[in-house]
Peer 1: 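This is the structure I want to talk about, given as structure tokens.
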2 protein chains.
Amino acid sequence: MSAPTTEGSTYRHPHPAVAVDLAIFSIRDGQLCLLLIERGVEPFKGRWALPGGFVRMTEDLQAGAQRELLEETGISQAYLEQVGAFGRPDRDPRERVISVGFYAIIASDRIELRAGSDARLARWWPCDELPALAFDHSQILARAREQLKDRVRRSAVALQFLPPEFTLTELQLVHELILGEKIDKRNFRKWVTGLKYLHATGRERRGGPHRPAALFRARPNANALAADAGFDAPEEDLARTTSRAVDAAYRKGFLDGLRAFRQRLATVEDELSRSLKS
Amino acid sequence: MSAPTTEGSTYRHPHPAVAVDLAIFSIRDGQLCLLLIERGVEPFKGRWALPGGFVRMTEDLQAGAQRELLEETGISQAYLEQVGAFGRPDRDPRERVISVGFYAIIASDRIELRAGSDARLARWWPCDELPALAFDHSQILARAREQLKDRVRRSAVALQFLPPEFTLTELQLVHELILGEKIDKRNFRKWVTGLKYLHATGRERRGGPHRPAALFRARPNANALAADAGFDAPEEDLARTTSRAVDAAYRKGFLDGLRAFRQRLATVEDELSRSLKS
DNA sequence: ACAAAAGTGTTACTATTACACCCATGG
DNA sequence: CCATGGGTGTAATAGTAACACTTTTGT
């Protein structure tokens, strides 16, 4: 709470440090990826860790997470959701640190990490090829991952991975990557159009030797359903802008990746069926 | 995370206080109730607040919540689940306090509050007649309430409200109170027996001028499904003991309350149907 | 005998899953 | 003309919701 157990005064006692840690997700090259930072100092020097930092005395937790996100990626607005507080007394060997975990979603058209503001190494790791993480970050990540799955199943939050205009196949791919299972195309489309989140823009994307795909856009209030009502500061989502250059880069990163993903999927399926036969 | 944004050292900076706040639920007299404490000092002197207190430097968050629970109620083991961190900078006017919310469930056979360890007033409030709360406690409570609902829908956590032996009607009542809606008796029984949480003990409870009710007991691992895997310290549930005296008191508190509840429900339904006609 | 809660199955409806072909394009 | 992904409907199944009467007891 806020009142000491022994009421009467705000007596002095030692305070722990409070940090925020971010599991920043994005889809890169057709894989669900996580942004990690290589630690340059002890403890866990050389290990990869979730980006994060201490909460300032005058900022909200959500604001702190947003600030960290900005510092790490140069992105000032993104979907952000708290996953809870982690406070094992020994989780940081230096001092008592209580960490509030968040996850963030970066749309695939937000291309690159901020040109490394300092020497720290930051890179995207595919979620299924992660290195060992520092501190208890794998716990935080596990919860973030679960919560993300849950939200994807029950809301339109997957839109946050995509640029403002997208095709239904792209949206489906996002779902498949996060849920880790293949989804039937027709059922998915029934579901997604049943929820009234989307509207066709009338425009289409031509991306190869095949029928062009209709482009959709989220309805203004689509994220209301994904929004994390209840915590201190549910932040709203601003419409992102699209430029020709971004679009091209996006297509290169996302669509080519999609192709690669399909490829991998087919390979895996083949292996599976072959191993089942033998 | 745990490393400062500007890596290199654990530099000095001001730390916020960290507290835990508990939404302690129980069913008393056929109503879902919440344990509140009347504040004896400013700020919010005279207002009711969630029990809570500062986290000690060497204790886990969950352990801190458990300690608060013990201090407030004399109960050392109860279902406890984190609902998240609340950290608006202005939520406590005295100093920066970040609070980690939990909810706890006290079984109805755990009768009374610890004889007031000091002058503080503590009492059970029916959840639908709560007073205005201090700080941002109504926010914390709202989340706790939601999370509880969610868990009840998807797990056997409702068992935590009941003594080790209980009837299906009692379990159903718990569900109805938490979800705030009437449930069909047959469908409920189908559901609850379908999940294999329960087994009939063969014993029965005779409680009035009607057919005796079969007594059930949770299977040892029933709460595994309710357990909050992922946070630092998922705590296990110990079997509670039952004595004759407790049983009698329980029946008085719970069953009489049940009757009262039914009464109220009938009244409300009557009013509703009457108002619909006119 | 009656009031009060315990107990018990079936049917309708709704939501979810499985499934296969034609279409438009670029090369 | 062919390879590639885009787009569409229907039938089976499972899950959920609605619904009413008989049983056993205490008084």
Side-chain angles (χ1 to χ4, degrees), chain A residues 30 152-154 162 165-176 179 181-196 198-216 251-252 254-266 269, chain B residues 30 152-154 162 165-176 179 181-196 198-216 251-252 254-267 269 273:
Chain A
V152 164
R153 257 190 269 267
R154 287 195 248 291
L162 295 173
E165 285 200 331
F166 51 88
T167 68
L168 293 185
T169 303
E170 287 162 11
L171 184 56
Q172 180 179 343
L173 182 69
V174 174
H175 279 251
E176 288 175 345
L179 301 180
E181 62 193 29
K182 209 160 165 11
I183 299 170
D184 179 84
K185 203 204 300 188
R186 281 172 288 190
N187 293 339
F188 178 75
R189 284 155 116 93
K190 224 182 297 169
W191 178 76
V192 83
T193 50
L195 319 167
K196 305 279 190 332
L198 309 183
H199 65 105
T201 60
R203 309 198 328 119
E204 47 186 33
R205 172 176 296 142
R206 332 185 138 250
H210 53 80
R211 184 170 171 176
L215 284 169
F216 287 77
R251 278 176 50 188
K252 173 139 182 40
F254 195 93
L255 293 178
D256 291 2
L258 193 156
R259 231 157 278 139
F261 174 75
R262 287 278 155 84
Q263 208 58 49
R264 273 203 310 286
L265 201 72
E269 277 171 351
Chain B
V152 164
R153 257 190 269 267
R154 288 195 247 292
L162 295 172
E165 285 199 331
F166 51 87
T167 68
L168 294 185
T169 303
E170 287 162 12
L171 184 57
Q172 180 179 342
L173 183 68
V174 174
H175 278 251
E176 288 175 344
L179 300 179
E181 61 194 29
K182 209 161 167 9
I183 300 170
D184 179 84
K185 204 206 297 188
R186 282 171 286 190
N187 292 338
F188 179 74
R189 282 164 186 244
K190 225 180 297 168
W191 178 77
V192 83
T193 51
L195 319 167
K196 305 281 191 330
L198 307 184
H199 65 104
T201 60
R203 310 198 325 118
E204 47 187 33
R205 172 177 296 142
R206 330 185 141 251
H210 54 78
R211 186 172 171 174
L215 285 169
F216 287 77
R251 277 175 51 189
K252 173 138 183 40
F254 196 92
L255 293 179
D256 291 3
L258 194 155
R259 229 158 278 136
F261 174 75
R262 287 279 156 83
Q263 209 56 50
R264 272 203 311 285
L265 202 72
T267 313
E269 278 171 349
S273 64

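Chain A is the first sequence line, chain B the second, and so forth, proteins listed ahead of strands; every chain is numbered from 1.
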Peer 1: Say you draw a straight line from CG of Leu168(B) to NZ of Lys185(B); how long is it, rounded to the nearest 0.5 Å?
Peer 2: 10.5 Å

Peer 1: Give the minimum heavy-atom separation between Glu204(A) and Pro212(A), together with the two atoms involved.
Peer 2: OE2-CG, 3.5 Å

Peer 1: What distance separates His175(A) NE2 from Glu181(A) CD, expressed to the nearest 0.5 Å?
Peer 2: 11.5 Å

Peer 1: What string of B, S and - do you get for nucleotides 18-27 of chain D, 5' to 3', when a contact is any protein heavy atom under 4.0 Å?
Peer 2: BBB--BBBB-

Peer 1: Using the C1' atoms of five pairs at each end, what's the angle between the two axes of the helix from dA1(C)-dT27(D) to dG27(C)-dC1(D), to 10 degrees?
Peer 2: 0°

Peer 1: Can you tell me how far CG of Leu215(A) sits from CD of Glu165(A), rounded to the nearest 0.5 angstrom?
Peer 2: 5.0 Å

Peer 1: Round to the nearest Å and state the distance from Glu176(B) atom CD to dA5(C) atom P.
Peer 2: 13 Å

Peer 1: Run the side-chain hydrogen bond (donor to acceptor under 3.5 Å, both in side chains) test against Arg189(A) and tell me which residues pass, sequence neighbours left out.
Peer 2: none

Peer 1: Can you check the Glu181(B) CD to dT16(D) C1' distance for me, whole Å?
Peer 2: 13 Å

Peer 1: Could you state the atom-to-atom distance from CD of Glu170(B) to C1' of dG7(C) in whole Å?
Peer 2: 15 Å

Peer 1: So which heavy atom on Trp191(B) is nearest to which on Val152(B), and how close?
Peer 2: CH2-O, 4.1 Å

Peer 1: Rounded to whole Å, please give me the gap between CG in Leu168(A) and P in dG5(D).
Peer 2: 17 Å

Peer 1: Atom CD of Gln172(A) to atom P of dG5(D): distance rounded to whole Å?
Peer 2: 14 Å

Peer 1: Hey, does Leu173(A) have a side-chain heavy atom less than 4.5 Å from the side chain of Phe166(A)?
Peer 2: no

Peer 1: Could you tell me the separation between the CZ atom of Phe216(A) and the C1' atom of dG7(D), rounded to a whole number of Å?
Peer 2: 10 Å

Peer 1: Mind calculating the distance between CG (Leu195(B)) and C1' (dG15(D)) to the nearest angstrom?
Peer 2: 13 Å

Peer 1: How many whole angstroms separate atom CD1 of Ile183(A) from atom C1' of dC19(C)?
Peer 2: 17 Å

Peer 1: For the CG atom of Asn187(B) and the CD atom of Gln172(B), what is their distance to the nearest 0.5 Å?
Peer 2: 9.5 Å

Peer 1: Under 4.0 Å between a side-chain N/O of Thr169(B) and OP1 or OP2 of dA6(C), yes or no?
Peer 2: yes

Peer 1: With rounding to the nearest 0.5 angstrom, report the OG1 to NE2 distance, Thr193(A) to His199(A).
Peer 2: 14.0 Å

